[in-house]
Amino acid sequence: MKKIYVGNLSFGTTEADLRGMFEAHGSVQAVNVITEPSTGRPRGFAFVEMAEDTDAEKAIAALNGTEVGGRQLTVNEARPQRDRGDRKGGGNSHARQRREPRW
C-alpha cells in the first residue's frame, strides 16, 4: 500500500472527487481531506492510499500537474510524518518568555 500526498486542492474538492480521480488508476483504500480542527474547513491538501504501489505510481505520473477546480495539483508520494514532539501538557515551546525590565 502506498500513501500519496495531493496538494494545492481547491477548498471545494471532496473525498468523493479525489476517490473518482484516483480510482481511474487503481484500487483506492482510503481518502482523507485534511481540515482545520477549529473550523472544520479544508486546508487545501489530502492523502490518498492506494492498494498497489504500481497503481499509485501511475496515478502520481498521470495526475501531478493536472488542473482541478482551477488549481494545478501537486501529487507525489507522501513523506513520513516528522516527529512534532509531545503536544500534551508540555507547554508551548513558542511561548513568549518574560523579559527583564529595560531600566
Side-chain angles (χ1 to χ4, degrees):
M1 185 175 339
K2 188 170 276 205
K3 193 170 191 178
I4 301 169
Y5 166 83
V6 185
N8 202 31
L9 291 171
S10 70
F11 297 116
T13 304
T14 65
E15 289 183 4
D17 296 335
L18 288 171
R19 184 174 292 277
M21 287 189 303
F22 281 85
E23 281 182 339
H25 304 283
S27 176
V28 174
Q29 296 295 312
V31 177
N32 186 15
V33 174
I34 306 303
T35 57
E36 190 67 46
S38 58
T39 63
R41 292 176 45 186
R43 293 183 63 191
F45 66 98
F47 293 98
V48 176
E49 292 180 21
M50 296 191 75
E52 299 295 327
D53 289 357
T54 55
D55 292 342
E57 293 298 330
K58 287 184 214 170
I60 290 169
L63 296 173
N64 188 41
T66 59
E67 189 172 307
V68 176
R71 301 184 78 162
Q72 190 173 4
L73 297 183
T74 300
V75 182
N76 52 40
E77 186 174 347
R79 291 183 228 135
Q81 187 174 10
R82 62 187 170 145
D83 183 19
R84 295 168 71 183
D86 184 14
R87 299 183 122 208
K88 294 181 181 176
N92 187 352
S93 63
H94 299 290
R96 191 173 197 166
Q97 293 186 351
R98 212 174 213 183
R99 290 180 12 184
E100 293 296 318
R102 290 188 285 183
W103 52 90

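Within the model, atoms CD of Glu49 and CE of Met1 stand 5.5 Å from one another, a figure rounded to the nearest 0.5 Å. Considering CZ of Arg41 and CZ of Phe11, their distance stands at 7.0 Å, rounded to 0.5 Å. The line from CD of Gln29 to CZ of Arg19 is 8.5 Å long, rounded to the nearest 0.5 Å.
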Item to check | Arg71 and Thr13: CA distance, side-chain angles, deciding distance, side chain to side chain contact (heavy atoms under 4.5 Å, CB included) verdict | outcome: CA-CA 11 Å; Arg71 301 184 78 162; Thr13 304; over 6 Å; no
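Between Ala56 and Met50, the shortest heavy-atom distance links the atoms CA-SD, 3.7 Å. Residues Leu63 and Thr66 approach most closely at O-OG1, 2.7 Å, considering heavy atoms. Closest approach of Gly69 to Ser10, counting heavy atoms only: O-CB, 3.8 Å. Among all heavy-atom pairs drawn from Glu57 and Glu77, the shortest one is OE2-OE1, 4.1 Å. Shortest non-hydrogen contact noted between Ala59 and Phe22 is CB-CD2, 3.7 Å. In plain terms, the two heavy atoms of Asn76 and Ile4 that are nearest each other are O-CG2, 3.4 Å.
Clustering ILVMFWY residues whenever any of their side-chain heavy atoms sit less than 4.5 angstrom apart, transitively, puts Val68 in the very cluster that holds Val31. Residues Phe45 and Val28 are members of separate hydrophobic clusters, defined by side-chain heavy-atom contacts under 4.5 angstrom among Ile, Leu, Val, Met, Phe, Trp and Tyr.
A donor-acceptor pair is defined here as one N or O able to donate and one able to accept, closer than 3.5 Å; such a pair exists between the side chain of Asn8 and the backbone of Gln72.
Considering Leu18, Val6, Val48, Thr14 as possible partners of Val33, the one that fulfils the side-chain contact (heavy atoms from CB on, under 4.5 Å) test is Leu18.
For Glu52, the CD atom is loosely surrounded, since the number of other residues' heavy atoms within 6.0 Å does not exceed 12.
You'll find the side chain of Asn32 reaches within 4.5 Å of the side chain of Glu15, heavy atoms only.
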